[in-house]
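Notes for the one structure printed next.
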Amino acid sequence: MRSLLSGYYGKGNGGDEALLATLLQMLPSHVTPVVLSGNPEQTRDRYNVEAYDRMSPLAVLQALRSCDALIWGGGSLIQDVTSTISPFYYGGLMALAQSMGLKTIAWAQGIGPLLRPQTRWLARQNFTGCTKVSVRDRASAALLSDWQIPHIVAPDPVWALAAKPVPAIWDLPQPRVAVTLRKHPQLTEVRLANLIHALVEFQKATQTFIILLPFQKSEDLEIAQAIQPHLADVSQILSLEDPQILKGVFRDVEMVIGMRLHSLIMAAAEGCRCFALSYDPKVNRLMEDLMIPGWDLVNLPDEPQLISQTWIEYYTNGQAISSGTIQILIDGALQHSNLLCEVFS
């Protein structure tokens, strides 16, 4: 069996790379993965898999013809807020695979928001034609239920990703706090300035060492570089590309202040305290499900002192989710693996 894997792979996004790494970890051993990637050479080298350019129509068509199945996922591929092109690219690929008679699996999807009628219609047609569907949140499950499409809902697969140790972190001072911020219209210059001011005050009060952790260099590195001079001797930018090593960072930090969904998932899975800065409904859903404290960026306090004091109190008195809850979430995430086993049995 050969299966084509389609997602936002090879684009330098730590969360999407973590989803690919987890999918490869969960794929039955008798299935040969073929990956569509934004950087096929890097994907081949990192994962030792067959990979092709996701934007080359000829390569995509040849890859489809060589495969028995298409796995679509995971993550927020089918949404029209950050990109109007994305749902048509993935939807068109799924429709083509279905017309060619391939088994099609929508795996670990986070569906929406879908604001436009045409993308909503296309998504419904795509999901209706799938052999199996799994989603990672209740809002996506509710949408599929409205469409009367059978599915399973389970925690994000990255809960079950095997982490690797990070020797690069061991020589850094303790205790450590990780910060993962990304470019976004809601992270205005004023809000970023307030966060930097608050972070400086937080560091002084807690005497922690700040690890600035870009999850996607194109979106995150510039912000990390803007923060680092304000914490010159008590911080370090740590750029890591292997998703298992990226997850391993959170074994060695006390707390994360994060915008990135998968920074919060990875941290929580490794027993780290989490404080969220939400820019997207998917982050709000995680905050609600796990009772993670935080703010929507649009509601971020205007006073840096209030922000830093909130962080200090949480650092002093807050608790990570329990080991029992973590194990429940990991076991739940393995339902995405079981679905693959069913399809390819």
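What you see is a predicted model; the values in this text were computed from it and never measured. Here, residue 1 is the first one in the sequence, and each next residue gets the next number.
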Residues I71, V343; criterion side chain to side chain contact (heavy atoms under 4.5 Å, CB included); working and verdict: CA-CA 11 Å; I71 301 176; V343 172; over 6 Å; no
Decide yes or no for R260 and D220: does some side-chain heavy atom of the first lie under 4.5 Å from some side-chain heavy atom of the second? yes
Could you tell me whether the side chain of I237 reaches within less than 4.5 Å of the side chain of P214, counting heavy atoms only? yes
Do R138 and S145 meet the criterion of a side-chain donor-acceptor pair at a distance under 3.5 Å? no
Between SG of C130 and CE of M94, what distance do you get to the nearest 0.5 Å? 3.5 Å
Out of curiosity, does W107 fall in the hydrophobic cluster containing L96 (side-chain heavy atoms, cut-off under 4.5 Å, transitive links)? no
Does any donor atom in the side chain of H262 or D156 lie under 3.5 Å from an acceptor atom in the other side chain? yes
Heavy atoms of other groups near Q125 CD, more than 12 under 6.0 Å: yes
For G12, does its backbone N or O pair with a side-chain atom of Q216 as donor and acceptor, under 3.5 Å? no
V153 and V158: same hydrophobic cluster, using ILVMFWY side-chain contacts below 4.5 Å? no
Please check if the side chain of S56 supplies one atom and the backbone of D53 the other of a donor-acceptor pair under 3.5 Å. no
When you compare the side chain of Q42 with that of E241, does any pair of heavy atoms fall below 4.5 Å? yes
In this structure, would Y279 and V179 fall into the same cluster of hydrophobic residues linked by side-chain contacts under 4.5 Å? yes
So I105 and F344, do their side chains get closer than 4.5 Å, heavy atoms only? yes
Inter-residue atom distance Q186.CD - N299.CG, 0.5 Å rounding: 9.0 Å
Stepwise, does the side chain to side chain contact (heavy atoms under 4.5 Å, CB included) test hold for Q305 with E201? CA-CA 8 Å; Q305 187 176 7; E201 295 303 313; over 6 Å; no
Looking at CG of D68 and CG of L102, how far apart are the two atoms once the value is rounded to the nearest 0.5 Å? 7.0 Å
Same apolar cluster (I L V M F W Y, side chains within < 4.5 Å links), L195/M287: yes
In the structure I gave you, are the side-chain heavy atoms of R273 and Y314 within less than 4.5 Å of one another anywhere? yes
K282 side-chain N/O to G112 backbone N/O, donor-acceptor pair under 3.5 Å: no
Measuring from atom CD1 of I152 to atom CZ of R136, what distance do you get when rounded to the nearest 0.5 angstrom? 14.0 Å
Can you find a heavy atom in the side chain of L5 that is under 4.5 Å from one in the side chain of S3? yes
Taking CD in Q25 as the centre, count heavy atoms belonging to other residues, nucleotides or ligands within less than 6.0 Å. Is the count above 12? yes
Say whether, by atom type as modelled, one donor and one acceptor occur between the side chain of D80 and the main chain of L115 under 3.5 angstrom. yes
Side chains of L213 and V253 in contact at under 4.5 Å (non-hydrogen atoms): no
Treating W147 as the side-chain partner and T128 as the backbone partner, does any N or O pair qualify as donor plus acceptor under 3.5 Å? no
Return yes if some donor-acceptor pair links the side-chain N/O of H151 with the main-chain N/O of I149 below 3.5 Å, else return no. yes
Counting C-beta onward and ignoring hydrogens, is there a side-chain heavy-atom pair between P293 and F275 closer than 4.5 Å? yes
Point-to-point distance, once rounded to the nearest 0.5 Å, from CZ of R54 to CG of L4: 11.5 Å
F215 and F250 aromatic ring geometry - parallel, tilted or perpendicular at 30°/60° bounds: tilted
Taking Q244 for its side chain and L161 for its backbone only, find out whether a donor-acceptor pair lies under 3.5 Å. no
Taking atom types as modelled, is there a side-chain donor on Q327 or D331 under 3.5 Å from an acceptor on the other? yes
Is there a continuous path of hydrophobic side-chain contacts, each under 4.5 Å between heavy atoms, that joins Y90 to L23? no
Measuring from atom CE of M1 to atom SG of C67, what distance do you get when rounded to the nearest 0.5 angstrom? 9.5 Å
Using modelled atom types and a 3.5 Å cut-off, is there a donor and acceptor pairing between side-chain atoms of Q335 and backbone atoms of A154? no
Looking at D296 and V298, would you say the former's side chain and the latter's main chain have a donor-acceptor pair under 3.5 Å? no
Checking side chain to side chain contact (heavy atoms under 4.5 Å, CB included) for the pair S134/H336: CA distance, chi angles, key distance, verdict? CA-CA 7 Å; S134 70; H336 297 290; 2.9 Å; yes
